[in-house]
**Student:** 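Encoded as structure tokens, here's the structure I'll be asking about.
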Amino acid sequence: MSNELLYSGKAKDVFTTADPNVLKMVYKDQATALNGKRKEQIAGKGLVNYRISKLIFQYLMANGVETHLIENVSETEQLVKKVAIVPLEVVLRNAVAGSFARKFGQEPGKRLATPIIECYYKNDALDDPAINISQATALEIMTPAEIEVIEAQTKKINDLLINLFNHINIDLIDFKLEFGRYDGRLILADEFSPDNCRLWDQDTHESLDKDVFRLNKGDLVSVYDVVLQRLAKILGGSADV
Ligand code: UDP
């Protein structure tokens with residue numbers, strides 16, 4: 001069946017298409033925090049996130065990272081490969097922020113000697129608990145070989161994105177990725193937008209990401225638009241919101 005709502009997430013809806021191997025992902029005008037406990041409708045958010053994620057996925061693909069993106073069909077809608085999502089949120093940190101600052105009593109913004117990769121088990125009912133490699137392999141969520149692939153891909157994506165954001169005066173503090181199984185391979189899925197990363201302006205150190213919503217520090221769409229305008233300047237593409 002085509003155009004059936006398959007899954008409604010916090011920031012996107014996913015629909016079936018006529019092709020069983022292809023899904024349609026629609027970015028929503030909704031912002032959530034506290035694992036969905038706080039929810040707000042914000043006009044224009046779907047569009048700006050769609051555009052940022054599109055530019056970043058295209059940049060990653062042009063640099064050899066395989067992703068689920070097939071094509072962008074209309075404003076806020078993308079066709080993607082139907083993957084089996086691995087139920088792990090893979091977080092990479094270049095500097096201290098958020099839960100890591102709270103957990104280890106560290107100063108936000110402090111550079112880490114080496115990037116950290118953390119995994120969380122994707123399960124809203126359990127509030128996405130932290131999971132280590134031994135737990136993830138014992139629960140057969142991942143094989144050790146797959147974990148190696150995910151870590152290598154995550155580090156490669158980090159190197160590419162640090163370089164990209166450096167060119168537009170932004171520090172990539174941390175981010176979250178999701179991977180899916182497709183045709184026997186692990187490929188990057190979901191999205192990359194200021195909803196799931198921390199981006200700090202290199203001069204002002206102000207947040208250009210979802211912390212403006214989490215901490216009520218300003219208008220989300222105009223802040224995300226700063227990121228989009230800077231990205232569009234070096235990557236091209238439509239930047240009107
Ligand atoms: N993150 C995310 N989804 C989540 C949890 C975290 O996209 O469910 C992102 C978050 O935006 C940040 C990074 O992962 O860029 C690290 O988040 P952290 O563990 O510091 O948690 P937070 O402070 O966001 O609760």
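One-based numbering, in listed order, for ligands and for the atoms of each. What you see is a predicted model, and the numbers here were worked out from it, not measured in a lab.
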**Student:** The test is ring-ring contact (aromatic ring centres under 6.0 Å, His included); show your working for Phe175 and Phe192 and say whether it passes.
**Tutor:** CA-CA 8 Å; Phe175 59 86; Phe192 193 103; 5.7 Å; yes
**Student:** Whether the Ser74 and Glu77 side chains hold a donor-acceptor pair (N or O, under 3.5 Å, no angle test) is what I'd like checked.
**Tutor:** yes
**Student:** If the cut-off is 4.0 Å to any non-hydrogen atom of Ser99, which atoms of ligand 1 fall inside it?
**Tutor:** 18 (P), 19 (O), 20 (O), 21 (O), 23 (O)
**Student:** Please check if any side-chain donor atom of Asp209 sits under 3.5 Å from a side-chain acceptor atom of Tyr224, or the reverse.
**Tutor:** no
**Student:** Under 4.0 Å and counting heavy atoms only, is there anything from the protein next to atom 6 (C) of ligand 1?
**Tutor:** no
**Student:** Is any NZ, NE, NH1 or NH2 atom of the basic residue among Asp219 and Lys45 found under 4.0 Å from an Asp or Glu carboxylate oxygen of the other?
**Tutor:** no
**Student:** Answer side chain, backbone, both or neither: which part of Arg102 comes under 4.0 Å from ligand 1, heavy atoms only.
**Tutor:** side chain
**Student:** For atom 12 (C) of ligand 1, which of Asp124, Leu177, Asp127, Asp174 has the closest heavy atom?
**Tutor:** Asp174
**Student:** Report yes or no: does Glu89 have a heavy atom closer than 4.0 Å to ligand 1?
**Tutor:** yes
**Student:** Can you sort out which atoms of ligand 1 are near Arg214, meaning under 4.0 Å from one of its heavy atoms?
**Tutor:** 10 (C), 11 (O), 24 (O)
**Student:** At the 4.0 Å heavy-atom cut-off, does Arg93 count as touching ligand 1?
**Tutor:** yes
**Student:** Would Asp211 and Arg214 pass as an ion pair if we require N to O under 4.0 Å?
**Tutor:** yes
**Student:** Assess whether a salt bridge exists between Asp127 and Lys37, defined as any Lys/Arg side-chain N lying under 4.0 Å from an Asp/Glu carboxylate O.
**Tutor:** yes
**Student:** May I ask you to say whether Lys122 pairs ionically with Asp128, meaning some side-chain N is under 4.0 Å from a carboxylate O?
**Tutor:** no
**Student:** Which of the atoms in ligand 1, numbered in the order shown and given with their element, are less than 4.0 Å from a heavy-atom of Gly98?
**Tutor:** 20 (O), 23 (O)
**Student:** Do any nitrogen or oxygen atoms of Asn35 come within less than 3.5 Å of a nitrogen or oxygen of ligand 1?
**Tutor:** no
**Student:** Relative to the heavy atoms of Cys197, which atoms of ligand 1 are at a distance of less than 4.0 Å?
**Tutor:** 11 (O), 15 (O)
**Student:** Looking at ligand 1, is there an atom of it that comes within less than 4.0 Å of some heavy atom belonging to Asp195?
**Tutor:** yes
**Student:** As an exercise, state the distance from OG1 of Thr137 to CD1 of Ile147, rounded to the nearest 0.5 Å.
**Tutor:** 5.5 Å
**Student:** Quick check on contacts: which atoms of ligand 1 are under 4.0 angstrom from a heavy atom of Asp128?
**Tutor:** 8 (O)
**Student:** Using 0.5 Å steps for rounding, measure from the CG atom of Asp29 to the CD atom of Gln41.
**Tutor:** 7.0 Å
**Student:** Write out the residue and atom name of the closest protein heavy atom to atom 9 (C) of ligand 1, then the distance separating them to 0.1 Å.
**Tutor:** Lys176 CB, 3.7 Å
**Student:** I need the nearest protein heavy-atom contact for atom 17 (O) of ligand 1: residue, atom name and distance, please.
**Tutor:** Arg198 NH1, 3.6 Å
